[in-house]
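Contents: one structure, followed by commentary.
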Amino acid sequence: MTAPAIETRDLTRFYGKHRGVEALDLTVHGGEVFGFLGPNGAGKSTTIRLLLDLIRPTRGTARVLGLDCQGQGLEVRRLVGYLPGEYRFYENLDGRRMLEYLGHVGGQVDPAVVASLAERLGADLQRPIRTLSHGNKQKLAIVQAFMHETPLLILDEPTTGLDPLVQQAFFALVEEARAAGRTVLLSSHNLGEVERVCDRFASVRQGRLVGVETMADLRDRAVRLVSLTAGRPLDAGVFAALPGIDDLVVDGLTLHCTVQGPLQPLLAAAAPYEVVDILSREPNLEEFFLALYGQREVRHEG
Amino acid sequence: MKGSIYLKTLVDLRGSVIMWSLGIAFIGAVNVLFFPTIQQMEGLVAFLDSMPPVIKAMIGDVSAMVRLDGFLHVKLFDPLPLLLAIFGISHGASLLAGELEHKHVDLLLARPVHRWRVVLAKFLAVATGVAIIAVALAATVVVCARIIGDELPWSHLVLGTLNALPLSWLFTALALLGSSLVTQPRPAAFAAGAVVVAGYVLETLRMMSPALAGWRTVSLFAYQKAGYPLVGAPDIGAVGLLLAVTVVLVTAACVSWERRDLAA
């Protein structure tokens, strides 16, 4: 049986009294794109740095492709392409020299692969890094993560600072990695980003695992925030009885609620009231957590 | 430079190495070019011979001051390790803590490379920088000695230059060890600098007071001063001991960095 791409058991890391991550049980299967979703400070980067043996666990274990992250850190790092959430390049180098340097520290890299990645992302390899914008530096960071063509990619907030076109190119790279059987752990605080590309995702909050879902589960349970304005006074009782409606507030001609599942029943019920305007949006991350999991904090993966 | 941490570090140091080399070469040139004037001073040896014993002890062979090798030993090569230590400490302290402070560390150490190799490569780069500066001084001395129509035996000059290196490397290694333990370069530099100052003060007091003669074994500068290779023979045992301590310190830095939890 093939070892999971990533497996953590009771993985815990405290910084003094502050909890980085606690009792994390996580399994990422080979060949999947796995989202690691949580707000800033939730413990995503701590978990990733534990996987790469940059920091050491307070307790618990972490394995990557069957290798112990602490005992076999060198072998683990040989198998991982990593994009840190927080980094700074050597500003005195240009992009090409920087990638050459990082590419050959403890390994080899195919210049053709680097050139191809740079071209697809529009990364400028000629200019000194100190003159590049944050977005252009992020392109280089993505190139250095992908250039070794490793079986596992760990990407911490990869789309930060990227414009929509480059984001599209980045997601294409992730799709290609999946098609090639590589595994991707994509850490993000952006729900839409995870929804767009991941097969499954884990939600973390305040250093604890909240849940692990497939994207199909998420879509089934998709929650939208709806605000509706009608031409005639609305009857709250009509809407309260609809399936999937929650947090309903009706005030004369306006209605606010969350809708889980399709919007059709709500629209049908509102039609007789002469709908003037309707606004529907995805919840932000905190609203998403509350809607999906309520106040429940921890759920160990089954 | 492809993938070589040693070469990358050395390239990063090039500006500093060039400036230091020019500075030390200038000092060397001034000393050599002014030596004929010093040499012609009447009664110099008698004047130096009238100095208190402690000063004479610091100078060494007073009669040698009217020879170029003796003069340069006192004026240049004896304090050379102290100067080189300033370069070594200022850069050694930032080798590892600087990676953390500047947030380069995740990109570098996420590569499949042993951390100890990073430490060793970076130390060797600074040690090379120290050696280049010392060689720049020696080359300047050769050229300027020819200008004034004097010359130094090559063997003595080479040995005098080499003799300055072990103590400088030792202090560089000390700063490196500090750098492996902290998150910012400054504390490592201060700690190593404090050891240098304490060692220099101890050595000075030791030479001034016979009561402190027993402290010789713990005075690092005493080992460097054990030989007078520019005017005599180096003390191989003392040099070996300084090198051994350097190896121990670099090894300790490797172990410390290898075990280090890199939480910011």
Side-chain angles (χ1 to χ4, degrees), chain A residues 13-16 18 20 45-46 48-58 67 70 72-93 96-109 111 129 137 140-141 144-145 147-148 150 153-154 156, chain B residues 1-19 91 94-125 129 180-185 254-264:
Chain A
R13 169 62 201 231
F14 277 84
Y15 301 98
H18 173 72
S45 295
T46 293
I48 287 171
R49 298 186 87 222
L50 285 164
L51 293 175
L52 289 158
D53 194 31
L54 293 169
I55 56 174
R56 309 279 155 72
T58 307
L67 299 167
Q70 269 65 56
Q72 298 166 283
L74 189 74
E75 290 77 10
V76 166
R77 292 194 296 275
R78 216 181 289 283
L79 302 173
V80 176
Y82 171 49
L83 192 162
E86 202 177 343
Y87 63 88
R88 210 178 293 168
F89 286 126
Y90 298 98
E91 303 270 315
N92 55 334
L93 301 179
R96 186 176 306 282
R97 281 172 185 266
M98 177 76 206
L99 292 171
E100 267 180 10
Y101 176 61
L102 289 178
H104 288 84
V105 171
Q108 292 292 318
V109 67
I129 290 174
K137 287 178 186 171
L140 290 179
Q144 65 82 34
M147 67 185 175
H148 286 290
T150 50
L153 287 157
I154 297 181
D156 195 355
Chain B
M1 198 183 77
K2 279 185 179 177
S4 168
I5 297 167
Y6 169 77
L7 283 180
K8 162 81 170 62
T9 309
L10 201 53
V11 168
D12 288 345
L13 290 171
R14 68 187 184 283
S16 182
V17 170
I18 289 170
M19 293 308 292
H91 291 291
S94 64
L95 286 179
L96 305 175
E99 292 278 350
L100 271 173
E101 188 184 38
H102 297 123
K103 300 186 190 304
H104 299 150
V105 77
D106 273 26
L107 278 173
L108 181 61
L109 296 186
R111 308 278 142 192
V113 60
H114 284 292
R115 290 187 190 181
W116 65 262
R117 290 189 65 169
V118 175
V119 177
L120 193 58
K122 283 176 172 281
F123 171 75
L124 290 175
S180 73
L181 297 167
V182 296
T183 54
Q184 290 183 322
C254 288
V255 172
S256 158
W257 191 243
E258 194 72 43
R259 293 182 176 176
R260 175 85 182 268
D261 181 300
L262 298 173

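In the text below, chain A, chain B and the rest are named by the order of the sequence lines, each starting its count at 1.
Counting heavy atoms from C-beta outward, A:R56 and B:L262 have side chains that stay 4.5 Å or more apart. With contacts defined as side-chain heavy-atom distances shorter than 4.5 Å, the pair B:L107/A:Y87 qualifies. Looking only at side-chain heavy atoms (C-beta outward), A:L54 and B:V105 stay at 4.5 Å or farther from each other. Considering only heavy atoms from C-beta on, A:V105 stays 4.5 Å or farther from B:R117 through its side chain.
The most heavy-atom pairs under 4.5 Å with chain A, out of B:H114, B:R259, B:R111, come from B:R111. Counting heavy-atom pairs closer than 4.5 Å to chain B, the top-ranked of the candidates A:I154, A:L52, A:L74, A:N92 is A:L74. Among A:R13, A:E75, A:H148, the residue with the largest count of heavy-atom pairs under 4.5 Å with chain B is A:R13.
The CG atom of B:D12 sits 7.0 Å away from the CG atom of A:L93 when rounded to the nearest 0.5 Å. The structure places CZ of A:R88 at 12.5 Å from CG of B:D106, a figure rounded to the nearest 0.5 Å.
Residue A:E86 places its CD atom among 12 or fewer non-hydrogen atoms of other residues, nucleotides or ligands, all under 6.0 Å distant.
Under the 3.5 Å distance criterion, the side-chain polar atoms of A:R77 are matched with a main-chain donor or acceptor of B:V113.
Residue contact with chain B, scored on non-hydrogen atoms closer than 4.5 Å, involves the backbone and the side chain of A:Q144 alike.
Between A:Y90 and B:H104, the ring centre distance stays below 6.0 Å.
Geometrically, B:K8 engages A:Y101 in a cation-pi contact, judged by NZ or CZ lying under 6.0 Å from the ring centre and within 45° of the ring axis.
Interface with chain B: from residues 78-85 of chain A, residues A:R78, A:Y82, A:P84 qualify, criterion being any non-hydrogen pair under 4.5 Å.
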